[in-house]
Structures are given as structure tokens and as C-alpha cells.
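The structure presented is a predicted model; accordingly, all values stated were derived computationally and were not measured.
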Amino acid sequence: MITSTGNAQVKELLQLQKKSKARNERNVFVVEGIKMFSEAPRNRIEKVFISETLFNRKKQELNLDGLKIEILSDKVFSHVSDTKTPQGILCIVKQKKTKLEEIFAQKPEHLMILDNLQDPGNLGTIVRTAEGAGVSGIILSKDCVDIYNPKTIRSTMGSIYRMPFLYVEDLENTIEEVKKQDIKVYAAHLQGKNNYDEENYKTGCAFLIGNEGNGLRDEIAEKADIWVKIKMHGEVESLNAAIASSILMFEVCRQRR
């Protein structure tokens with residue numbers, strides 16, 4: 001059992017929690033909590049860290065057979081936990097790489113394309129909602145928040161394991177590749193020509209979603225086939241990026257149902 005916060009594994013775990021560079025160098029990420037552990041694909045779990053108390057109480061229920069395990073004293077576990085009320089289990093999980101061709105494989109395509117999204121909670125909510133709405137995949141500009149940020153991971157509620165996604169170096173060029181697949185590209189924009197529910201999304205479609213504060217960059221918005229808006233009442237100008245994304249995703253889901 002590890003009883004010191006100075007232990008090398010504990011220090012590495014903290015680095016993986018806090019730094020995207022460390023995660024990407026190792027090609028792993030960290031998940032926390034019983035639900036995130038139970039839903040993780042077994043072949044992608046590299047190691048499990050479990051508190052002494054949880055191990056003694058629930059080692060049979062957790063089904064830890066065949067997994068590499070490290071038991072941490074409760075004090076050490078609290079030190080490495082990223083939550084206020086630790087559940088007593090952390091896992092190092094291997095990242096999964098997705099290719100653009102794999103995202104195009106589901107027909108008709110239903111894509112979300114995110115431009116410079118910065119809030120971890122927004123991204124996690126979009127990932128979770130995307131799974132629920134049957135989205136084919138999520139494409140992210142390289143300057144979006146790290147999807148493996150612990151706050152993002154928690155917000156996905158397990159969808160991180162199942163939702164295909166891809167970071168791209170050149171978003172403009174990638175949008176052109178999307179359009180070559182006969183996928184119509186819509187920009188969620190305050191200057192949208194039509195309301196979002198006036199379009200037909202029964203064939204391949206993709207939505208461009210911009211930064212929380214500044215919206216889509218002009219050069220990205222110009223790549224869209226059409227701009228759409230979500231009509232507001234009162235003095236509200238726009239919605240949270242995750243909420244707007246959810247409305248658009250489920251409109252596609254509704255039309256295709």
C-alpha cells in the first residue's frame with residue numbers, strides 16, 4: 001500500500017491529472033469515480049488506484065480481477081483526487097485515436113465541429129449529449145480545451161469512452177474534406193439566415209459551434225454552406241455553447257426519427 005504523497009507513482013498521477021502534455025506523452029488520461037471505472041473498457045485500463053477503505057469494503061463488487069491495482073492510504077487518495085468528495089477509485093486509461101474516415105463511416109453523417117471551445121464543462125456536456133443524440137463524431141480545432149481535462153471527463157459521464165472525436169491541425173481544410181463527403185455544413189450564428197428548425201437535416205449534416213465568448217471565427221463561419229440561428233425571446237442574444245449544441249443535435253435526431 002502506498003502511504004506517502006512523495007511516492008513516484010503518486011507524483012506521476014498528479015502530473016497526469018494536471019497537465020495535458022504529460023497525458024499526451026503517455027497517451028493516457030485519468031478517470032475518477034465508480035461509474036467512470038465501471039464503464040471503462042477493460043482493455044484500455046492501464047492501472048487502478050483505489051483507497052484502502054474502498055478496497056476493504058467493495059473489492060468483490062468492483063470486479064478488479066485481471067487489473068493492475070495500487071492501494072493508496074485514504075490520506076494519499078484524497079491528495080491525488082480531483083474532487084471534493086472522493087469516491088475512492090482512480091484509473092489510468094489509454095487514449096483512443098480516431099481517424100476522419102471513421103467519423104464519416106456512419107450514414108447519414110451527423111457531425112459537430114467545434115472551433116476554439118474553451119470551457120471544459122461545455123465540451124464534456126457536448127460529448128455526452130452527442131452520444132445521446134446519435135452524433136457520428138466530433139471534430140475539434142487544435143486550440144479547443146483538452147478533452148481529457150478532468151472536468152471535461154467528469155462532464156461526459158462515460159461518453160468519452162464511446163463518442164468518436166478528433167482534433168485537427170487545420171480546421172478550415174478539414175471542413176472542406178467534410179463537404180467533399182456531401183455533408184452540408186451549418187454555422188450556428190447570430191446572423192443566421194434561417195431559424196435552425198427550418199432546415200432539413202435528414203441527409204449528412206455538420207454544425208459549426210464557436211468559442212463561448214467570441215463565437216465562430218470569421219474564416220471558419222465563411223466555410224459553412226448556410227448560417228442558422230436559434231431565435232431568442234426577451235433580451236437574450238445567444239445561448240451557452242453546450243445548450244445551443246444540444247438543441248441542434250436533437251433537432252437532427254427528431255427529424256431523422
Quiz item: Among Gln17, Arg44, Lys96, which residue meets the side-chain contact (heavy atoms from CB on, under 4.5 Å) test with Phe29?
Solution: Arg44
Practice problem: Indicate yes or no for a side-chain donor-acceptor contact from Asp74 to the backbone of Ser51 under 3.5 Å, with no hydrogens or angles considered. | Solution: no
Self-check item: Check: Thr152 side chain, Leu123 main-chain N or O, donor-acceptor pair, under 3.5 Å
Solution: no
Quiz prompt | Distance (rounded to the nearest 0.5 Å) between Tyr148 OH and Ile160 CD1 | solution = 5.5 Å
Exercise. First locate atom OG1 of Thr174, then atom OH of Tyr167, and finally report the distance between them rounded to the nearest 0.5 Å.
Key: 14.0 Å
Quiz item: Which residues pass the ring pair (Phe, Tyr, Trp, His ring centres under 6.0 Å) test with Tyr186, sequence neighbours left out?
Solution: Tyr201, Phe207
Practice problem: Decide yes or no on side chain to side chain contact (heavy atoms under 4.5 Å, CB included) for Asn27 and Lys94, but give the supporting numbers first. | Solution: CA-CA 6 Å; Asn27 199 34; Lys94 296 173 185 175; 5.7 Å; no
Quiz item: With no hydrogens and no angle check, is any side-chain donor or acceptor of Gln118 less than 3.5 Å from a backbone partner on Asn211?
Solution: no
Quiz prompt | Note, Leu140 side chain near Val168 side chain (heavy atom, < 4.5 Å) | solution = no
Practice problem: Look at Glu251 together with Arg254 and state whether they make a salt bridge at an N to O cut-off of under 4.0 Å. | Solution: yes
Identify each donor-acceptor pair in which a side-chain atom of residues 221-240 lies under 3.5 Å from a protein atom, sequence neighbours left out, and give them as a table.
unit_1, atom_1, unit_2, atom_2, d
Lys223, NZ, Glu176, OE2, 3.2
Asp225, OD2, Val185, N, 2.7
Trp227, NE1, Ala221, O, 2.9
Asn240, OD1, Ala242, N, 2.7
Asn240, OD1, Ile243, N, 3.1
Asn240, ND2, Asn122, OD1, 3.0

Practice problem: To the nearest 0.5 angstrom, please state how far the NZ atom of Lys142 sits from the CD atom of Glu169. | Solution: 4.5 Å
Self-check item: N/O donor-acceptor pair under 3.5 Å between Gln87 side chain and Ile34 backbone
Solution: yes
Quiz item: Do Gln9 and Glu70 have a side chain donor and acceptor closer than 3.5 Å?
Solution: yes
Quiz item: For the side chain of Ser81 and the backbone of Phe77, is there at least one donor-acceptor N/O pair under 3.5 Å apart?
Solution: no
Exercise. Please round to the nearest 0.5 Å and tell me the distance separating atom CG of Leu72 and atom CG of Leu54.
Key: 11.0 Å
Quiz prompt | Test item: side-chain donor near acceptor, Lys97 and Gln95, under 3.5 Å | solution = yes
Self-check item: Residues Arg23, Glu25: salt bridge by 4.0 Å N-O rule
Solution: no
Quiz item: How far apart are the C-alpha atoms of Glu52 and Met1, what are their side-chain angles, what is the distance that settles it, and do they pass the side chain to side chain contact (heavy atoms under 4.5 Å, CB included) test?
Solution: CA-CA 8 Å; Glu52 181 182 12; Met1 182 169 66; 3.6 Å; yes
Quiz item: Given the rule in the side chain to side chain contact (heavy atoms under 4.5 Å, CB included) test, do Arg128 and Met163 qualify, once you have shown the distances and angles that lead to the verdict?
Solution: CA-CA 8 Å; Arg128 183 183 180 188; Met163 191 66 231; over 6 Å; no
Quiz prompt | Pairwise distance NZ(Lys107) to CD1(Ile183) - rounded to 0.5 angstrom | solution = 6.5 Å
Quiz item: Any ion pair linking Arg154 and Asp82 (charged N to carboxylate O, less than 4.0 Å)?
Solution: yes
Quiz item: Leu111 versus Ile138: any side-chain heavy-atom pair under 4.5 Å?
Solution: no
Practice problem: Would you tell me whether Ser141 and Asn116 have side-chain atoms, one donor and one acceptor, within less than 3.5 Å of each other? | Solution: no
Quiz prompt | Main-chain N/O of Asp119 paired with Glu212 side-chain donor or acceptor, under 3.5 Å | solution = yes
Quiz item: Between Glu102 (side chain) and Lys99 (backbone), is there a donor-acceptor pair under 3.5 Å?
Solution: yes
Quiz item: Counting distance only, does the side-chain N/O of Ser155 pair as donor-acceptor with the main-chain N or O of Gly124 below 3.5 Å?
Solution: no
Exercise. Measure the spacing between CZ of Phe165 and CD1 of Ile103 and express it to the nearest 0.5 Å.
Key: 9.0 Å
Quiz item: Is the shortest distance from a Lys or Arg side-chain nitrogen in Glu131 or Arg162 to a carboxylate oxygen in the other one below 4.0 Å?
Solution: yes
Self-check item: Partner set under side-chain contact (heavy atoms from CB on, under 4.5 Å) for Glu198, not counting sequence neighbours
Solution: Asn194, Asn195
Quiz item: Has the side chain of Thr129 got a donor or acceptor atom that lies under 3.5 Å from a matching backbone atom of Ile126?
Solution: no
